[in-house]
Amino acid sequence: MTDHKPPYLGFGLGLRPQHYEEILSGDPDIDWFEVISENYMIPGGQPLRILDRIRERYPVVMHGVSLSIASTAPLDRGYLGALKTLAERVEPKWISDHLCWTGVHGVNLHDLLPVPYTQEALDHVVDRVSQVQDFLGRRLTLENVSSYVTFGESEMSEWEFVSEVATRADCWLLFDVNNVYVSAFNHGFSTDDFLHGVPRDRIVQFHVAGHSHEESHIIDTHDHPVCDEVWDFYRETVAHFGPVSTMIERDDNIPPLAEVVAELDIARQIARDVQQVTAQNTHKNAQAIAAE
């Protein structure tokens, strides 16, 4: 298993079929792509051929939705085998999935379901992450999910649970900015507590996305542009963690590529602004120290 942290990739997009032609026929200002692993875990066909062409031009990361790392069902060795085969073909910079469970009794519910934050669940998830990492021969990257219910038996906060998984299983973390914002609103906790509660050295990727605000709750739908409040939280996130590979997620009501790239440019500009302020503050502090 490699020991080094994955490289900083810049600003990317989720690869969607609606944009294949525009990407391959042009030169959009995109640094890298994230692909949904399950869409390409097949022995052949046009999607794989397209992916082969994309990865010739851009760095690629793989992002899964069906690993079900927190499930109590046995790990799906067939799924893991197909995932490893795809990784050997694609050579992704990292492989991510969600810190959740997605099915029970052999049935995939096609949803990212929350975990009780207990010591028993923590031990269970850490063991399964270790097994998957040993099988793949690389570290996993796990994403915090958005949620709409909590468990009364939870013994710790979500950020404490996520941090313990990352430390004990020695895996990376994908910090989903929108998911933190959504869950904070739904459950009444502070985004700042989550932001400062996870280890900086484990974060390798940011997700930024839109959602549907239903007044009493927020649903993580990825079908709207990123709202101002999430952009504000992204600014805080970049200021706290520093440069981290960032991408825009759009999974429904998908607009033309140029519109999504325009959103990506907002992320770029925010990161540049934050870095400029950080550099200015560092310079001022250095001058103050020199003057003492």
Side-chain angles (χ1 to χ4, degrees), residues 63 65 67-72 96-104 109-126 129 141-169 171-200 202-203 205-241 244 246 248-249 251-252:
H63 184 58
V65 294
L67 179 59
S68 199
I69 197 67
S71 174
T72 56
S96 64
D97 208 298
H98 302 81
L99 185 46
C100 69
W101 57 286
T102 59
V104 65
L109 301 176
H110 301 288
D111 208 345
L112 307 175
L113 302 167
V115 181
Y117 302 128
T118 64
Q119 190 62 50
E120 180 183 15
L122 176 61
D123 294 341
H124 175 69
V125 171
V126 167
V129 172
T141 300
L142 292 177
E143 174 187 345
N144 58 288
V145 299
S146 56
S147 60
Y148 313 97
V149 297
T150 57
F151 291 86
E153 61 265 36
S154 287
E155 301 164 353
M156 63 192 85
S157 67
E158 181 182 359
W159 50 93
E160 290 170 327
F161 189 91
V162 168
S163 299
E164 283 295 306
V165 169
T167 301
R168 289 179 50 188
C171 65
W172 306 120
L173 294 175
L174 191 168
F175 189 99
D176 191 306
V177 177
N178 183 65
N179 286 356
V180 174
Y181 181 86
V182 167
S183 293
F185 182 91
N186 289 343
H187 305 310
F189 64 77
S190 167
T191 56
D192 192 61
D193 287 342
F194 200 116
L195 179 64
H196 292 275
V198 294
R200 291 188 187 190
R202 295 286 171 177
I203 308 297
Q205 183 182 350
F206 293 151
H207 272 171
V208 186
H211 56 243
S212 295
H213 202 306
E214 305 297 334
E215 296 188 7
S216 63
H217 61 284
I218 300 176
I219 302 176
D220 181 36
T221 50
H222 298 180
D223 61 355
H224 287 76
V226 180
C227 69
D228 290 343
E229 291 81 3
V230 171
W231 281 130
D232 289 341
F233 183 44
Y234 174 66
R235 184 181 300 274
E236 296 175 32
T237 302
V238 174
H240 179 67
F241 290 116
V244 173
T246 297
I248 301 291
E249 287 188 294
D251 295 307
D252 203 0

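Here, residue 1 is the first one in the sequence, and each next residue gets the next number. Computed from a prediction, not measured in an experiment: that's the story for all the values here. Reckoned from all heavy atoms, side chains included, excluding hydrogens, waters and symmetry mates.
Contact annotation: the side chain of His98 never approaches that of Leu67 to less than 4.5 Å [non-hydrogen atoms, C-beta and beyond]. Tyr181 is listed as a side-chain neighbour of Ile218, based on a closest heavy-atom distance under 4.5 Å. Looking only at side-chain heavy atoms (C-beta outward), Thr141 and His63 stay at 4.5 Å or farther from each other. Residues Tyr148 and Ile219 have side chains in contact (heavy-atom distance under 4.5 Å, counting atoms from C-beta outward). Between Trp159 and Leu195 there is no side-chain heavy-atom pair separated by less than 4.5 Å.
Using a 30° and 60° split on the angle between ring planes, Phe233 and Phe175 fall in the tilted class, from 30° to 60°. By the 30° and 60° cut-offs, the orientation of the rings of Phe206 relative to Tyr234 is perpendicular.
Taking all atoms of both residues into account, the shortest heavy-atom contact from His187 to Ser147 is NE2-OG, 2.8 Å. Heavy-atom minimum distance, Val126 versus Glu164: CG2-O, 4.5 Å. Closest heavy-atom contact between Glu153 and Thr118: O-CG2, 3.3 Å. Taking each heavy atom of Tyr117 and Ser154 in turn, the nearest pair found is N-OG, 3.0 Å. Pairing each heavy atom of Glu215 with each of Phe185, the nearest pair is O-CZ, 3.4 Å. Residue Val145 comes nearest to Ser183 through the heavy atom pair O-OG, 3.6 Å, listed as atom of the first residue, atom of the second, then distance.
Between the CZ atom in Arg200 and the NE2 atom in His240 there is a gap of 4.5 Å [rounded to 0.5 Å]. Atom CG of Asp193 sits about 12.0 Å away from atom CD of Glu158, to the nearest 0.5 Å. In this structure, CZ on Arg202 lies 11.0 Å from CG on Leu142, to the nearest 0.5 angstrom. Distance CD/Glu236 to CZ/Phe241: 11.5 Å, rounded to 0.5 Å. Going from atom CG of Leu112 over to atom OG1 of Thr102 covers 7.5 Å, rounded to the nearest 0.5 Å. Interatomic distance, CG of Leu122 versus CZ of Arg168, reported as 4.5 Å (0.5 Å rounding).
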Would you be so kind as to tabulate the donor-acceptor pairs closer than 3.5 Å made by side chains of residues 222-229, with sequence neighbours excluded?
from	atom 1	to	atom 2	distance (Å)
His222	ND1	Asp251	OD2	2.6
His222	NE2	Asp220	OD1	3.0
His222	NE2	Asp220	OD2	3.3
His222	NE2	Glu249	OE1	3.4
Asp223	OD1	Thr221	OG1	2.5

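A donor-acceptor pair is defined here as one N or O able to donate and one able to accept, closer than 3.5 Å; no such pair exists between the side chain of His207 and the backbone of Asn179. Counting only distance, with no hydrogens or angles, the side chain of Thr246 and the backbone of Val208 share no donor-acceptor pair below 3.5 Å. Remark: side-chain polar atoms of Asn144 are paired, donor with acceptor, to backbone N or O of Asp176 under 3.5 angstrom. The backbone N or O of Ile69 sits nowhere less than 3.5 Å from a side-chain atom of Trp101 that would complete a donor-acceptor pair. Between the side chain of His124 and the main chain of Ser71, a donor-acceptor pair closer than 3.5 Å is present.
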